[in-house]
K.L.:
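I have a structure here, written as structure tokens, and I will follow up with some questions on it.
Every heavy atom of this structure was used, including side-chain atoms; hydrogens, water molecules and symmetry mates were not.
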Amino acid sequence: MAPDGEVSDAAGEAMVAQRPISNILIIIAMQTEATPVVNKFQLVEEPESSFPKGVPWVWYHGIYKDLHINLVWPGKDSNLEVDSVGTVSASLVTYAAIRALQPDLIINAGTAGGFKAKGASIGDVYLVSDVTFHDRRIPIPVFDLYGIGLRHAYPTPNLLKDLNLKVGKLSTGDSLDMSPQDEATIIANDASVKDMEGAAVAYVADLLKVPTIFVKAVTDIVDGEKPAAEEFLQNLAAVTAALDEAVAQVIDFINGKCLSEL
């Protein structure tokens, strides 16, 4: 039992779960994925952010119904001017955004490769149940499990029922293509989709105890006939529109609800 005047971690979490969600943090890796969401919710870029001086990270915010919406993307690489994708950028921006913005809930939204062997098709949108890594191979007992890094998304049975999205496991790595070793691990992870950020976001959110859900839209079929990069670029615009619609539906569902009602 907690001492007088103190609240145990479990009791504190229970209290948070019963409080209406008011502050959402959306983490998106690419500008192409972020822009439709920014426009839909009329979010405004905050030039004087709380992030360290000199980092390229971009923060948008706004009010939608009863929600404060913050959207953060890692910005452009300062040398090459491409989106700062991958697990390192995702980890850093997630940590900084949580510390600066203190969200009630994180939504990691983005595009992903899908596996036809698991029933994925171009344009499918998944609500992720579990996340793992597939390129952290440490063949030493217990370290191997650490490398896989299994984390569970926050359970959202009512959201899933209401929106009728697909459900699947997500596997994360720092390469767009897939090596035979990666493929073996992804199969072992039982993943339906793969991306380059999700498990990194999950790791940091778990450390800082912030509930997180993952919404991923399929741009390319990893075990299909076309090269992943070619199919990704071909479908990016159309699939981003599907992602935007799904994120909007998720936010509308969340509005006015507590975590326990998701």
K.L.:
State yes or no: do Leu207 and Ile106 share one hydrophobic cluster built from I, L, V, M, F, W and Y residues joined by side-chain heavy-atom distances below 4.5 Å, directly or via other members?
P.N.:
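In one cluster: yes.
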K.L.:
Of all heavy-atom pairs between Gly114 and Val193, which one has the smallest distance, and what is that distance?
P.N.:
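The answer is CA-CG1, 4.1 Å.
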K.L.:
Quick one: side-chain hydrogen bond (donor to acceptor under 3.5 Å, both in side chains) partners of Gln181, sequence neighbours excluded?
P.N.:
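Checked Gln181 against side-chain hydrogen bond (donor to acceptor under 3.5 Å, both in side chains); zero matches.
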K.L.:
What heavy-atom pair brings Ser260 and Gln18 nearest, and what distance separates the two atoms?
P.N.:
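Heavy atoms only, the tightest pair is OG-NE2, 3.2 Å.
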K.L.:
Only counting residues at least two apart or in another chain, list the ones meeting side-chain hydrogen bond (donor to acceptor under 3.5 Å, both in side chains) with Asp206.
P.N.:
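Arg151.
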K.L.:
Which heavy atom in Phe214 sits nearest to a heavy atom in Gly198, and how many Å separate them?
P.N.:
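Closest pair (atom of Phe214, atom of Gly198, distance): CE2-O, 3.4 Å.
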K.L.:
Under 3.5 Å, side-chain donor or acceptor atoms of residues 133-143 against the rest of the protein: list the pairs with distances, not counting sequence neighbours.
P.N.:
residue: His134; atom: ND1; partner: Ser171; partner atom: OG; Å: 2.9
residue: His134; atom: ND1; partner: Thr172; partner atom: O; Å: 3.4
residue: Asp135; atom: OD2; partner: Asp174; partner atom: N; Å: 2.8
residue: Arg136; atom: NE; partner: Gly147; partner atom: O; Å: 2.9
residue: Arg136; atom: NH2; partner: Tyr146; partner atom: O; Å: 2.8
residue: Arg136; atom: NH2; partner: Gly147; partner atom: O; Å: 3.4
residue: Arg137; atom: NH1; partner: His134; partner atom: O; Å: 3.4
residue: Arg137; atom: NH1; partner: Asp182; partner atom: OD1; Å: 2.9

K.L.:
In Å and rounded to the nearest 0.5 Å, what is the CD1 to CZ distance from Ile24 to Phe41?
P.N.:
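Answer for the CD1-CZ pair, Ile24 versus Phe41, is 8.5 Å.
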K.L.:
Please check if Val247 and Tyr64 belong to a single hydrophobic cluster, counting links between Ile, Leu, Val, Met, Phe, Trp and Tyr side chain heavy atoms closer than 4.5 Å.
P.N.:
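Shared cluster, yes.
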K.L.:
How would you list all residue pairs meeting side-chain hydrogen bond (donor to acceptor under 3.5 Å, both in side chains) that involve residues 21-32, not counting sequence neighbours?
P.N.:
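Residue pairs passing side-chain hydrogen bond (donor to acceptor under 3.5 Å, both in side chains), neighbours aside: Ser22-Asp104, Asn23-Asn70.
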K.L.:
Quick one: do Val37 and Met30 end up in the same hydrophobic cluster if we chain Ile, Leu, Val, Met, Phe, Trp and Tyr together by side-chain heavy atoms under 4.5 Å apart?
P.N.:
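No, Val37 does not connect to Met30 through the hydrophobic network.
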K.L.:
Return a table of donor-acceptor pairs under 3.5 angstrom between the side chains of residues 93-100 and protein atoms on other chains or two or more places apart.
P.N.:
residue: Thr94; atom: OG1; partner: Ala90; partner atom: O; Å: 2.6
residue: Tyr95; atom: OH; partner: Arg99; partner atom: NH1; Å: 2.8

K.L.:
Going by side-chain contact (heavy atoms from CB on, under 4.5 Å), name the residues that satisfy it together with Gln249, two or more places apart in sequence or in a different chain.
P.N.:
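Here the qualifying residues are Leu163, Glu245.
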K.L.:
When Ile, Leu, Val, Met, Phe, Trp and Tyr are grouped by side-chain heavy atoms lying under 4.5 Å apart, directly or through other members, which residues fall in the same group as Phe115?
P.N.:
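Reading the cluster by chain and number, Phe115 sits alongside Met178, Ile186, Val222.
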K.L.:
Does atom CD of Gln234 have more than 12 heavy-atom neighbours, drawn from other residues, nucleotides or ligands, at distances under 6.0 Å?
P.N.:
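Counting neighbours around CD of Gln234, more than 12 heavy atoms of other residues, nucleotides or ligands fall under 6.0 Å, so yes.
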K.L.:
List, by chain and then residue number, the residues other than Ile187 in its hydrophobic cluster (Ile/Leu/Val/Met/Phe/Trp/Tyr, side-chain heavy atoms under 4.5 Å); write none if there are no others.
P.N.:
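None, because no other hydrophobic side chain comes under 4.5 Å of this residue.
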K.L.:
What residues, two or more places apart in sequence or in another chain, satisfy side-chain contact (heavy atoms from CB on, under 4.5 Å) together with Val38?
P.N.:
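side-chain contact (heavy atoms from CB on, under 4.5 Å) check on Val38 returns Leu43, Tyr60, Leu71.
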K.L.:
Run the salt-bridge test on Lys116 and Asp223 with the 4.0 Å N-O cut-off and return the result as yes or no.
P.N.:
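Answer for the salt bridge query: no.
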K.L.:
Is it true that, when you exclude Glu230 itself, more than 12 heavy atoms of the residues, nucleotides or ligands shown sit nearer than 6.0 Å to its CD?
P.N.:
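Count over threshold, so yes.
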K.L.:
Under 3.5 Å, side chain of Asp83 to main-chain N/O of Val85, donor-acceptor pair present?
P.N.:
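No, Asp83 side chain to Val85 backbone: no donor-acceptor pair under 3.5 Å.
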K.L.:
Assigning hydrophobic clusters by single linkage (Ile, Leu, Val, Met, Phe, Trp, Tyr; side-chain heavy-atom cutoff under 4.5 Å), is Leu25 placed with Leu127?
P.N.:
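Looking at the clustering, Leu127 is in a separate group from Leu25.
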K.L.:
Could you tell me which non-hydrogen atom of Pro74 sits nearest to which non-hydrogen atom of Ala29, and how far apart they are?
P.N.:
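Heavy-atom minimum between the residues: CD-O, 3.6 Å.
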K.L.:
Looking at every non-hydrogen atom in both residues, tell me the closest pair between Ala199 and Thr132 and how far apart they are.
P.N.:
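Shortest heavy-atom separation between Ala199 and Thr132 comes out as CB-O, 3.5 Å.
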K.L.:
So, Asp124 and Lys216, do they make that salt bridge, N to O below 4.0 Å?
P.N.:
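A salt bridge is absent here (no side-chain N lies under 4.0 Å from a carboxylate O).
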K.L.:
Within the 3.5 Å criterion, strictly below it, is a donor on Lys257 or Asn158 matched to an acceptor on the partner's side chain?
P.N.:
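The answer is no; no qualifying pair exists.
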K.L.:
Name all residues meeting the side-chain hydrogen bond (donor to acceptor under 3.5 Å, both in side chains) criterion together with His68; count only those two or more places apart in sequence or in a different chain, and write none if there are none.
P.N.:
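If we apply the side-chain hydrogen bond (donor to acceptor under 3.5 Å, both in side chains) test to His68, skipping adjacent residues, there are no hits.
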K.L.:
Minimum heavy-atom separation for Ala205 to Thr212, with atom names?
P.N.:
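Of all heavy-atom pairs spanning Ala205 and Thr212, the closest is CB-OG1, 3.1 Å.
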K.L.:
Is it the case that Glu33 and Thr240 place a side-chain donor and acceptor less than 3.5 Å from each other?
P.N.:
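Side-chain D/A pair, Glu33 to Thr240: absent.
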K.L.:
Are the side chain of Ser84 and the backbone N or O of Gly75 linked by a donor-acceptor pair below 3.5 Å?
P.N.:
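Yes; judged by distance alone, with no hydrogens or angles, the pair exists.
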K.L.:
Can you list every pair that meets ring-ring contact (aromatic ring centres under 6.0 Å, His included) and has a residue in residues 243-262, with sequence neighbours left out?
P.N.:
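Not a single pair qualifies under ring-ring contact (aromatic ring centres under 6.0 Å, His included).
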K.L.:
Considering residues, nucleotides and ligands other than Tyr203, do more than 12 of their heavy atoms fall under 6.0 Å from its OH?
P.N.:
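Open: at most 12 neighbouring heavy atoms sit under 6.0 Å from OH of Tyr203.
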K.L.:
Holding to side-chain hydrogen bond (donor to acceptor under 3.5 Å, both in side chains), I want the full list of residues that pass it with Lys65, two or more places apart in sequence or in another chain.
P.N.:
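Residues passing side-chain hydrogen bond (donor to acceptor under 3.5 Å, both in side chains) with Lys65: Asp252.
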